[in-house]
Amino acid sequence: GNYRGAAEAYRQAMAGAGKRLQDTCLFNAGCSFYRAGDYTEAAKAFSGLTEGQGALAADAGLNLGCAEFQLAGQADKMGTNCPADFKPEHLKKAGRAFQSALRSRPGFETAAASLAVVTNSLPAALTEARIRKLMEQHGQTPPGRLADMLLEGQRGIVRDLDREATNAAPSRIDRFEGLAGRQRDCADLIVPLRAALSAAAGDQRQQQQAAQVAGGLDGIEKTMNESRELLRNIDNAAVRSAKAAERGIYPVWKAIADYG
C-alpha cells in the first residue's frame, strides 16, 4: 500500500484537531512511516508521544524503540559509509524508548523482551565502534611509532602515578580519574598496533615474529585494564599494575624495533 501517502494524510488531519485526535493521527502517521521503511520519520512521530502513562504512551515507546533498532541495523548495510557511533547511538535510543514504554506500562512484556535484545546487542556495537575509531585515527601509523607511543604513554602514567599515590588531598580523586582515562587511551593503542603488525609482516619469518609480538600484547592489555579499574577505584594498587604493564611493554617495544 501507499504507506507514505497515508502518513502524510494523517499529518494533514492533525490541523485544527484536538490534542487527543492529534496524538492518534501522529501515532498512525508513525506506524505508516514504519511500514514504508522510513524509520527516521517514524521515530520522529513516535518520540512526541512517549511521555506520561497510558496505552498510547506505552505503544509509542515500544514503536519508537523498534524504529531506532531498525535504524541501528542499517549500519551493517551501510558499512564504513556511516559514522562509527551510528549503531551504538541508535541502540541506546532504542533502549531508552523501551524503558519509557515500561515506565508507562509496568510489566509490558514485549517492551521488556525488546530491551533485553538491545542490552545484549549494545556491548558488541560499542566495541566495534571503538575499534573503528581507533583504526580511523591510527590505521596508517607504522608499528614502530605505535610501540613508541605505547611505551611513552605508559611511562608517563607510571611517573605521574608515583607522585599521586602519596597525595592525600581531595584532588587525588580527580587526578586518579584523569590517570584512568589516560590508561584507557594508552591501552587502546594495542588495537591498531596488532593490525599494523599483521599488515607489516611480509615473508613467513616476519609473520611468525609479528605473531609472537602480537601474542605478548594480550597479557599487557589485560594488565593495563586492571590498572585502569584500580585507578577508577582510587586504589594505590594501580601503581603495581601500571608498572607491571610498563615492564611488559618494553620487551615488545624492543622486539618491534629489532623487527622493524
For the backbone of [Y] and the side chain of [X], can you confirm whether one donor and one acceptor N or O come within less than 3.5 Å of each other?
X      : Y      : answer
Asn233 : Asp235 : no
Asp38  : Phe33  : no
Ser121 : Val117 : yes
Arg172 : Ala165 : yes
Ser104 : Ala101 : no

Say whether [X] and [Y] are linked into one hydrophobic cluster, either directly or through other cluster members, by side-chain heavy-atom distances under 4.5 angstrom.
X      : Y      : result
Met78  : Leu126 : no
Ile190 : Val252 : yes
Leu102 : Leu122 : yes
Phe27  : Tyr10  : no

Any idea which heavy atoms bring [X] and [Y] closest together, and the distance?
X      : Y      : value
Gln154 : Ala245 : NE2-CB, 3.8 Å
Ser241 : Leu230 : OG-CD1, 3.4 Å
Cys25  : Met14  : CB-CG, 3.5 Å
Gln22  : Ala17  : NE2-O, 3.4 Å
Pro88  : Ala84  : CD-O, 3.8 Å
Ser114 : Leu62  : OG-CD1, 4.2 Å

So how far is it from [X] [atom1] to [Y] [atom2], rounded to the nearest 0.5 Å?
X      : Y      : atom1 : atom2 : answer
Leu151 : Lys254 : CG    : NZ    : 13.0 Å
Asp160 : Arg175 : CG    : CZ    : 9.5 Å
Arg145 : Leu150 : CZ    : CG    : 11.0 Å
Leu189 : Arg184 : CG    : CZ    : 11.5 Å
Ile234 : Phe176 : CD1   : CZ    : 6.5 Å
Glu152 : Ile157 : CD    : CD1   : 12.0 Å

Do [X] and [Y] come within less than 4.5 Å of each other through their side chains, counting heavy atoms only?
X      : Y      : value
Leu217 : Leu197 : yes
Leu146 : Pro142 : no
Leu193 : Met149 : no
Asp162 : Val158 : yes
Val191 : Arg130 : yes
Arg96  : Ser100 : no
Glu221 : Arg194 : yes
Gln183 : Asn225 : no

Derivation and outcome, side chain to side chain contact (heavy atoms under 4.5 Å, CB included), residues Glu51 and Arg103:
CA-CA 10 Å; Glu51 296 300 324; Arg103 286 193 296 270; over 6 Å; no
List the steps, then state whether side chain to side chain contact (heavy atoms under 4.5 Å, CB included) holds for Leu231 with Leu161.
CA-CA 9 Å; Leu231 285 164; Leu161 182 53; 3.7 Å; yes
Considering the options Tyr39, Phe46, Phe69, which one meets the ring-ring contact (aromatic ring centres under 6.0 Å, His included) requirement together with Tyr34?
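With Tyr34 as partner, Tyr39, Phe46, Phe69 yield a single ring-ring contact (aromatic ring centres under 6.0 Å, His included), made by Tyr39.
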Could you please spell out the steps behind the side chain to side chain contact (heavy atoms under 4.5 Å, CB included) verdict for Cys186 and Met224?
CA-CA 8 Å; Cys186 196; Met224 294 173 88; 3.5 Å; yes
More than 12 heavy atoms of other residues, nucleotides or ligands under 6.0 Å from CZ of Arg240: is that the case?
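Not buried by this count: 12 neighbours or fewer within 6.0 Å.
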Do other residues, nucleotides or ligands put more than 12 heavy atoms under 6.0 Å from the CZ atom of Arg232?
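12 or below, so no.
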Run the side chain to side chain contact (heavy atoms under 4.5 Å, CB included) check on Thr223 and Ser227 step by step: do they pass?
CA-CA 6 Å; Thr223 304; Ser227 172; 5.8 Å; no
Quick one: which residue pairs count as a ring-ring contact (aromatic ring centres under 6.0 Å, His included) with a foot in residues 97-138, not counting sequence neighbours?
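Sorted result for residues 97-138: empty, none.
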In chain order, what residues pass the side chain to side chain contact (heavy atoms under 4.5 Å, CB included) check against Glu89, with sequence neighbours excluded?
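Residues passing side chain to side chain contact (heavy atoms under 4.5 Å, CB included) with Glu89: Asp85, Lys92.
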One thing to verify: whether [Y] and [X] come together as a salt bridge, which I'm taking to mean a side-chain N less than 4.0 angstrom from a carboxylate O.
X      : Y      : answer
Glu246 : Lys243 : no
Lys222 : Asp218 : no
Asp59  : Arg105 : yes

Any residue meeting salt bridge (charged side-chain N to carboxylate O under 4.0 Å, His left out) with Glu226, in chain and number order, not counting sequence neighbours:
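With neighbours one apart ignored, the set is empty.
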Please identify each residue that fulfils salt bridge (charged side-chain N to carboxylate O under 4.0 Å, His left out) with Glu136, with sequence neighbours left out.
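Glu136 satisfies salt bridge (charged side-chain N to carboxylate O under 4.0 Å, His left out) with Arg132 once adjacent residues are dropped.
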Test of understanding: with side chain to side chain donor-acceptor pair (under 3.5 Å), list the residues that count as partners of Asp174, not counting sequence neighbours.
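Expected list: none.
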Could you pull out all residues at least two apart from Phe86 that satisfy ring pair (Phe, Tyr, Trp, His ring centres under 6.0 Å)?
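Counting only residues at least two positions away or on another chain, Phe86 forms a ring pair (Phe, Tyr, Trp, His ring centres under 6.0 Å) with His90.
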